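These numbers were taken from a predicted model, which means no experiment stands behind them. Positions are given from 1 along the sequence.
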Amino acid sequence: MKAFVIDVAKCSGCYNCQLACKDEHAGNDWTPYAKPQPMTGQFWCRVTDHVQGTIPKVRIHYIARLCNHCRNAPCMAAAKDGAVYRREDGLIVIDPEKAAGQKQIAEACPYGAVYWNEALSLPQKCTGCAHLLDHGAKLPRCVEACPTDAMRFGEEEELQDLIEGAQVLQPETGAFPRVYYRNIPGQFIAGTVYDPVEKEVVIGARCLLNSGGKRWETRTDEYGDFWFNDLPVGLFDLSIQTPGYEVKLFENLRTRECVNLGDIPLERK
């Protein structure tokens, strides 16, 4: 069965995948695979940006979203008369003739990956470029256009080394997607440690983070900065200590969102 693996750490946010998809489908009628994608309002491959933290401790990552070609596809369950079907290679396709007028197909997708074309009265989405694959192409346009190899496509069993440790979006839906994501960043706690008397940053301060018996450790860099990356959502206690200064404590730091502690002054003993 075909699957996509997307490495978020490799994505530079160039939007080439989104543009390639639009170029392939907008204004082009690939019946019986799909009617033309509208020039505006639909992105069957859509890149979303995710900003974490606050200035100056800010990081951004990008996630390409497309039809997940789910094993337990809600759109198939909602369709009537076989209007949505799974191909032998696992790709889910909306039949543009049978699906006419079936708005419930678009409404059934928990990922917002199925669009409703008001002009054609038709649900539409990514086909995995099935029309190209059936005529000799090895890759969908989005994957072919990716300059960093952040997007991979192929047989699921052949991609197992990449799929291992990856995650799917919204697993709670029970749809069991075949689009896998690697290296989606977790939350972070960060700050800058400085001496308010000397008006200089403190380099090499020991930063200890604790949560539920787990412990993380790092030291401030040459700019006085420290970062604890890829943290789960939870409550954390942080202590900052270095010779000649009082220990600085932060308790119950909540990582529902990333935490920027800003400039942290240390008091001399």
Should K2 and E156 be marked as a side chain to side chain contact (heavy atoms under 4.5 Å, CB included) after you check the CA-CA gap, both sets of side-chain angles, and the distance that decides it? CA-CA 6 Å; K2 299 295 186 184; E156 195 167 19; over 6 Å; no
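Using modelled atom types, no side-chain atom of K103 and backbone atom of L122 make a donor-acceptor pair closer than 3.5 Å. Panel note: side chain D225, backbone D221; no donor-acceptor pair is recorded below 3.5 Å. Panel note: side chain N68, backbone C70; no donor-acceptor pair is recorded below 3.5 Å. At distances below 3.5 Å, not a single donor-acceptor pair connects side-chain atoms of D81 with backbone N or O atoms of A83. In terms of modelled atom types and a separation under 3.5 Å, the side chain of Q170 and the main chain of P110 share a donor-acceptor contact.
K98 and G82 make their closest contact through CD-O, 3.9 Å (heavy atoms, listed as atom of the first residue, atom of the second, distance). In plain terms, the two heavy atoms of N117 and L120 that are nearest each other are OD1-N, 3.0 Å. The two residues A145 and A20 have their closest heavy-atom pair at CB-CB, 3.6 Å.
Classified by interplanar angle (parallel below 30°, tilted 30° to 60°, perpendicular above 60°), the ring pair W30/H131 is parallel. Classified by interplanar angle (parallel below 30°, tilted 30° to 60°, perpendicular above 60°), the ring pair H61/H50 is parallel.
Using modelled atom types, one finds no donor on one side chain facing an acceptor on the other under 3.5 Å when comparing Y115 with Q37. No side-chain donor from either of D237 and N210 sits under 3.5 Å from a side-chain acceptor of the other.
Inter-residue side-chain proximity for V193 and K248 is flagged as unmet; no heavy-atom pair is nearer than 4.5 Å. Side-chain contact between Y180 and L162 is absent, with no heavy-atom pair separated by less than 4.5 Å.
At most 12 non-hydrogen atoms from other residues, nucleotides or ligands lie less than 6.0 angstrom from CZ of R254. Other residues, nucleotides and ligands place no more than 12 heavy atoms under 6.0 Å from the CD atom of E267. Residue-environment remark: CD (E88) stays at or below the threshold of 12 foreign heavy atoms within 6.0 Å. No more than 12 heavy atoms of other residues, nucleotides or ligands sit less than 6.0 Å from atom CZ of F176. Counted within 6.0 Å of CD on E217, heavy atoms from surrounding residues, nucleotides or ligands total more than 12; the atom is thus considered enclosed.
Using a 4.5 Å cut-off between side-chain heavy atoms of Ile, Leu, Val, Met, Phe, Trp and Tyr, with links allowed through other members, L19 and V47 fall into different hydrophobic clusters. Hydrophobic clustering of Ile, Leu, Val, Met, Phe, Trp and Tyr side chains at less than 4.5 Å, counting indirect connections, keeps V114 apart from V168. Transitive grouping of hydrophobic side chains (ILVMFWY, heavy atoms separated by less than 4.5 Å) brings I264 and Y245 into a common cluster. Both L238 and L266 are assigned to one and the same hydrophobic cluster, defined by single-linkage of ILVMFWY side chains at heavy-atom distances under 4.5 Å. Using a 4.5 Å cut-off between side-chain heavy atoms of Ile, Leu, Val, Met, Phe, Trp and Tyr, with links allowed through other members, F153 and M1 fall into different hydrophobic clusters.
Salt bridge status for K10 with D149: absent, with no side-chain N to carboxylate O gap under 4.0 Å.
For the atom pair E257 CD and N260 CG, the distance stands at 12.5 Å (nearest 0.5 Å). Between the NZ atom in K125 and the CH2 atom in W116 there is a gap of 15.5 Å [rounded to 0.5 Å].
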